[in-house]
Amino acid sequence: MKNLKKTITKILFAALALFFISCGNAKVDSNGCYKDVDDAIKAAKKKNQDIMVIITMEGDDYSSSDFLTKVVRDSAFKTEIASKYAVVCMDFSQATYQTTVEKEDSDAAAKKNAKAAAALMQKNTKFARMLNARETPVVYFLSKEQYLITGLFYDDENRSLEGFKTILSEKSSSIEEMRKMIYQTKIGTELEKVAAIDALFEATGPYYRFLLLDLISSVKKLDPSDKSGLLVKYLYEEAVAKSDKALLNGKAQEAAQAYLDIENEERISAEDRQQALTTVAYLYTEYELSDTATVIDCLERALRLSPESEQAPAIRRVIQSLSAK
């Protein structure tokens, strides 16, 4: 009887273990892909992996459908790709959109599912916009810190998992170089870290540099006395990155404030601060954040910073035009 009880107990614990394991993997589909980018980011940090972001429009775009069918849904994708990366698949097709629509005759459970799908699509849309995705199918590789490593558009009529692996192999050296650059920002002396941050910054495309905001902001702490000669550069680039990030989050006023915060930072050149204020004036106008008088005042302050600069004549013309209205 005791042995029977022990056997039953073992079976129950095994069942419970299986239950918890399956629950833990519920966020991953049969291909080893996450649907929620936040889950992929958490997994990347936990497993010390890069993040692979796959953006598609299945059904609306033949290439997307072909890529998903022949590559992502290949039986070996899970073991050969998804085991090495935290893969998140974001689909923005009409079919996916329909899952977010609450129908009047739906029951409570269906409406709850639609709300969850809508929230997920909104989150993924924001992330895809952050990556500046303009075509599908497109694949981005990010570090676990969410720094861009590389991106690729898999434009091949004969798509296959093997073909995808070949492309990854061809990009392996450049991917590894970016990984090394990221690693270098974490080791060495303060000045070595600053030099590594600068190398990574320059290797990153201008649009994606806001993703490095935490590193950019750390320069003033690592090198407050400017022994590297890079402090001023990153005081300005911090404002740029903060502004870009705020705009992507739909916070135009915050984007403008990022530049206003450096207006009186005399370590930054007068010309750069002038550029910052003209950007503020543009944001005020483009996003209707203030009246014409405030925009003119902003441009006049910009002009006073460097009256003989290259862009000074253009600033004067804009002031005259706005004042005439």
*Between CG of Leu277 and CG of Asp272, what distance do you get to the nearest 0.5 Å?*
11.5 Å
_Check ion pair Asp29-Lys35 (N to O, under 4.0 angstrom)_ = no
*Side chains of Gln98 and Val101: does their closest heavy-atom pair fall under 4.5 Å?*
yes
_Side-chain donor-acceptor pair present, Ser306, Gln274, cut-off under 3.5 Å_ = no
*Using a strict 4.0 Å threshold on nitrogen-to-oxygen distance, state whether Arg301 and Asp297 make a salt bridge.*
yes
*Between atom CG of Asp36 and atom CG of Asn124, what is the distance when rounded to the nearest 0.5 Å?*
6.5 Å
_Between Asp60 and Ser93, a side-chain donor and acceptor under 3.5 Å_ = no
*Is any side-chain heavy atom of Lys242 less than 4.5 Å from a side-chain heavy atom of Lys245?*
no
*Note, Val240 side chain near Phe210 side chain (heavy atom, < 4.5 Å)*: no
*Looking at side-chain heavy atoms only, is the closest gap between Phe127 and Leu131 below 4.5 Å?*
yes
*Are any non-hydrogen side-chain atoms of Asp39 and Lys27 less than 4.5 angstrom apart?*
yes
*Show the numbers, then the answer: is there a side chain to side chain contact (heavy atoms under 4.5 Å, CB included) between Tyr284 and Gln253?*
CA-CA 8 Å; Tyr284 279 170; Gln253 185 63 57; 4.2 Å; yes
_Under 4.0 Å between a side-chain nitrogen and a carboxylate oxygen: does that hold for Glu265 and Arg273?_
no
*Tyr208 and Tyr147: ring pair (Phe, Tyr, Trp, His ring centres under 6.0 Å), yes or no, with the steps?*
CA-CA 8 Å; Tyr208 298 101; Tyr147 308 146; over 10 Å; no
*Go through the steps to decide whether Met90 and Thr56 satisfy the test side chain to side chain contact (heavy atoms under 4.5 Å, CB included), and finish with yes or no.*
CA-CA 6 Å; Met90 301 179 180; Thr56 59; over 6 Å; no
*asked:* If only side-chain N and O atoms count, and only distance matters, is there a donor-acceptor pair under 3.5 Å linking Asp291 with Thr294?
replied: yes
*Ion pair Lys233/Asp198, N-O distance below 4.0 Å*: yes
_Any side-chain to backbone donor/acceptor pair from Asp244 onto Leu248? Under 3.5 Å, distance only._
no
*Just checking, any donor-acceptor pair under 3.5 angstrom between side chains of Lys126 and Asn249?*
yes
_With side chain to side chain contact (heavy atoms under 4.5 Å, CB included) as the criterion, how do Leu200 and Thr185 come out once you've worked through the C-alpha distance, each side chain's angles and the decisive distance to 0.1 Å?_
CA-CA 8 Å; Leu200 179 61; Thr185 66; 4.2 Å; yes
*Taking all heavy atoms of Lys220 and all of Ser217, pick out the closest pair and write down the distance.*
CG-O, 3.3 Å
_Using 30° and 60° as the class boundaries, would you call the ring planes of Phe164 and Phe67 parallel, tilted or perpendicular?_
perpendicular
*Is there a donor-acceptor pair closer than 3.5 Å between any side-chain N or O of Ser243 and the backbone N or O of Ala239?*
no
*Can Lys193 and Glu190 be counted as an ion pair, charged N to O under 4.0 angstrom?*
no
*Determine, step by step, whether Ser143 and Asp50 satisfy the side chain to side chain donor-acceptor pair (under 3.5 Å) criterion, reporting the C-alpha distance in whole Å, the side-chain angles of both residues, the deciding distance to 0.1 Å, and the verdict.*
CA-CA 5 Å; Ser143 70; Asp50 292 331; 5.8 Å; no
*For the residue pair Thr69 and Arg159, confirm or rule out a side-chain donor-acceptor distance under 3.5 Å.*
no
*Which heavy-atom pair separates Ser63 from Thr136 by the least distance, and what is that distance?*
CB-O, 4.3 Å
_Nearest non-hydrogen partners of Asn31 and Arg73, listed with the distance_ = OD1-CA, 3.6 Å
*asked:* For a quick test of reading the model, state the closest non-hydrogen atom pair linking Ala40 to Ala86 and the distance between them.
replied: O-CB, 3.3 Å
*When rounded to the nearest 0.5 angstrom, what distance separates CE in Met52 from CG in Leu168?*
5.5 Å
_Does Tyr207, at its OH atom, have more than 12 non-hydrogen atoms belonging to other residues, nucleotides or ligands within less than 6.0 Å?_
yes
*Ignoring hydrogens and angles, tell me if any N or O in the side chain of Ser218 forms a donor-acceptor pair with the backbone of Leu215 under 3.5 Å.*
yes
*From Leu299 CG over to Thr278 OG1, what is the distance, rounded to the nearest 0.5 angstrom?*
7.5 Å
*State, to 0.1 Å, how close Leu161 and Asp74 come at their nearest heavy-atom pair, and which atoms those are.*
CD2-OD1, 3.6 Å
*Report yes or no: does Thr279 contribute a side-chain atom to a donor-acceptor pair with the main-chain N or O of Gln275 at less than 3.5 Å?*
yes
*Carboxylate-amine/guanidinium proximity below 4.0 Å for Glu177 and Lys180*: no
_Ser64 side-chain N/O to Met57 backbone N/O, donor-acceptor pair under 3.5 Å_ = yes
*Close side-chain approach of Thr150 to Met178, heavy-atom, < 4.5 Å*: no
*Quick one: does NZ or CZ of Arg209 land under 6.0 Å from the six-membered ring centre of Phe201, within 45 degrees of the ring axis?*
yes
*Between Val53, Val139, Ile54, Val72, which is the residue that forms a side chain to side chain contact (heavy atoms under 4.5 Å, CB included) with Val87?*
Ile54
*At their closest point, which heavy atom of Leu247 faces which heavy atom of Ala252, and how far apart are they?*
CD2-CA, 4.0 Å
*asked:* Do the side chains of Lys227 and Asp223 get close enough for a salt bridge, i.e. N-O under 4.0 angstrom?
replied: no
*Just by modelled atom types, is the Gln320 backbone N or O under 3.5 Å from a matching donor or acceptor in the Ser323 side chain?*
no
*asked:* Main chain of Thr189, side chain of Glu192: is a donor-acceptor contact present, judged purely on distance under 3.5 Å?
replied: yes
*Mind checking the CD1-CD1 spacing from Ile296 to Ile319? Nearest 0.5 Å is all I need.*
7.5 Å
*asked:* Can you confirm whether Gln122 is buried at CD, in the sense that more than 12 heavy atoms of other residues, nucleotides or ligands lie under 6.0 Å from that atom?
replied: no
*Counting heavy atoms not belonging to Glu202, are there more than 12 under 6.0 Å from its CD?*
yes
_Could you tell me if the side chain of Leu213 sits less than 4.5 Å from the side chain of Glu238, heavy atoms only?_
yes
*Check step by step if side chain to side chain contact (heavy atoms under 4.5 Å, CB included) holds for Ser65 and Glu58.*
CA-CA 5 Å; Ser65 302; Glu58 186 173 18; 3.6 Å; yes
Identify each donor-acceptor pair in which a side-chain atom of residues 109-121 lies under 3.5 Å from a protein atom, sequence neighbours left out, and give them as a table.
unit_1	atom_1	unit_2	atom_2	d
Asn113	ND2	Ala109	O	3.4

*Show which residues join Ile187 in its hydrophobic cluster (side-chain heavy-atom contacts under 4.5 Å, direct or indirect), or state none.*
Tyr183
*Measure the CD1-NZ distance between Ile81 and Lys84 for me, rounded to the nearest 0.5 Å.*
6.0 Å
*Any side-chain heavy-atom pair of Ile167 and Leu152 under 4.5 Å*: yes
